[in-house]
Structure formats: structure tokens, C-alpha cells
Amino acid sequence: MPQVDKYGTQSAVQLLRMQIDYGSWYDRSKLSLKEIQDIQYLAAMNPKAGSFTVNPRLQGHFSTFAVNFPSKTHLSHIYSQIVEGHLRGFKKDVSALSQNILNAMISLHFAVMTGQDFLPNAIKFHYQFNVR
């Protein structure tokens, strides 16, 4: 991203805001208007790495949602449906192991998420683990 200017804005962010506000950009080199239509924007922020602020003039165009991570009970319910559905085509001996596989999977996930070796930070932001 470009440097923040004296007004607290960045040219790429302002270009995006301008497209959302007006539906077009003005090309100063060709002296023409560039229109872009039928665009949807989706943005996500990682609370553990990177910048934590968004320009208020840009953020006003978005709906902001904060979602907590699901509990062990909710994870168990969600992923039990997936694991049981996947193992449904196997023999009964294998499909009977679905609850054990699920418990091991969730235990491993929480061990990695709460352990000291794999905590994400600005340098190791790629240490984001997911049950999938």
C-alpha cells in the first residue's frame, strides 16, 4: 500500500472509495472517464496481524460484522455432520469411528490454537489453523 499522506488517506484506498461513491475513475493521462459497473466488494480483516483501522470514509460503505469463534459444542455439532456424512459410505467399522475422529480433530485444533508454538503474530501470521 502507498504511504499515508498528510490528510490520513492512501491513494489506493481513495481510488476504491471513489469508485464506490461515483462508479467511475477519471484517467488523468488519457483525459477520459473509466466506468466500472456491476461490482460487489467484500473485505475481511485479521484481528491478529496487519492494520486494525480502516479509513472512516471508506468504512461507511460497508456493513461491519464481528463474529466470535464457535464453542467446542458448536464445533462438534457442525463437524459431526460433515464427518458422519463423509464416512457414511464406508464399512460399519470405519463409520463407527466418526465420534473418535471428531474428538481427536477438535482436541488437536484447540491444542494448536492455545499452544505457545503456533501462536500467530505479525511475523508468523500464516499460523492460522482451521478445523477444515
Side-chain angles (χ1 to χ4, degrees):
M1 292 293 289
Q3 287 294 106
V4 176
D5 63 17
K6 67 180 181 178
Y7 303 107
T9 61
Q10 294 174 300
S11 58
V13 171
Q14 290 308 333
L15 195 61
L16 178 62
R17 186 193 61 79
M18 195 160 118
Q19 200 285 320
I20 293 171
D21 282 343
Y22 305 111
S24 60
W25 293 307
Y26 189 74
D27 187 347
R28 292 175 32 187
S29 63
K30 296 181 181 176
L31 300 177
S32 63
L33 193 65
K34 294 189 176 203
E35 293 187 53
I36 299 176
Q37 300 175 348
D38 298 325
I39 292 181
Q40 295 180 352
Y41 293 98
L42 176 69
M45 292 179 69
N46 180 358
K48 298 188 177 181
S51 175
F52 303 115
T53 59
V54 177
N55 184 312
R57 295 191 306 183
L58 179 62
Q59 188 174 357
H61 294 290
F62 290 91
S63 297
T64 305
F65 300 98
V67 180
N68 290 330
F69 195 78
S71 67
K72 276 189 178 182
T73 307
H74 291 117
L75 280 177
S76 180
H77 179 71
I78 292 167
Y79 288 108
S80 69
Q81 303 298 313
I82 295 169
V83 171
E84 288 170 9
H86 180 72
L87 296 178
R88 193 170 292 137
F90 290 87
K91 293 181 180 179
K92 289 235 183 230
D93 296 347
V94 176
S95 60
L97 296 172
S98 65
Q99 193 60 43
N100 293 340
I101 293 170
L102 178 70
N103 291 338
M105 191 169 70
I106 291 176
S107 296
L108 177 64
H109 173 72
F110 278 99
V112 169
M113 291 298 291
T114 58
Q116 294 299 314
D117 294 332
F118 294 104
L119 290 177
N121 58 36
I123 296 170
K124 299 186 293 182
F125 60 89
H126 55 282
Y127 286 162
Q128 293 290 322
F129 290 97
N130 190 317
V131 179
R132 291 180 283 162

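Keep in mind it's a predicted model, so treat the numbers as computed, not measured. The first residue of the sequence shown is numbered 1, and numbering continues consecutively from there.
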Taking all atoms of both residues into account, what is the closest heavy-atom pair of Tyr41 and Ile20, and its distance?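 Of all heavy-atom pairs spanning Tyr41 and Ile20, the closest is CE1-CG1, 3.6 Å.
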Could you report the tightest heavy-atom contact between Ile106 and Leu75, atom names first, then the distance? CD1-C, 3.9 Å
Pairs touching residues 81-90 that satisfy side-chain hydrogen bond (donor to acceptor under 3.5 Å, both in side chains), sequence neighbours left out: none
Determine whether more than 12 heavy atoms belonging to other residues, nucleotides or ligands lie under 6.0 Å from atom OH of Tyr22.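 Counting other residues, nucleotides and ligands, OH of Tyr22 stays at 12 neighbours or fewer.
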Taking the side chain as every heavy atom from C-beta outward, state whether Tyr79 and His109 have any pair of such atoms under 4.5 Å apart. no
Testing Gln19, Met18, Arg17 one by one against Asp21 for a side chain to side chain contact (heavy atoms under 4.5 Å, CB included), which residue passes?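 It is Arg17, the one option of Gln19, Met18, Arg17 that forms the side chain to side chain contact (heavy atoms under 4.5 Å, CB included) with Asp21.
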Side-chain donor or acceptor of Ser76 paired with backbone N/O of Lys72 under 3.5 Å: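 No; judged by distance alone, with no hydrogens or angles, the pair does not exist.
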Side-chain donor-acceptor distances from residues 96-105 under 3.5 Å, at least two apart:
from, atom 1, to, atom 2, distance (Å)
Ser98, OG, Ser95, O, 3.4
Gln99, NE2, Asn103, OD1, 3.2
Asn103, ND2, Gln99, O, 3.2

Within the 3.5 Å criterion, strictly below it, is a donor on His74 or Ser71 matched to an acceptor on the partner's side chain? yes
Can you name the side-chain hydrogen bond (donor to acceptor under 3.5 Å, both in side chains) partners of Ser29, sequence neighbours left out?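 By the side-chain hydrogen bond (donor to acceptor under 3.5 Å, both in side chains) rule, Ser29 matches Asp27.
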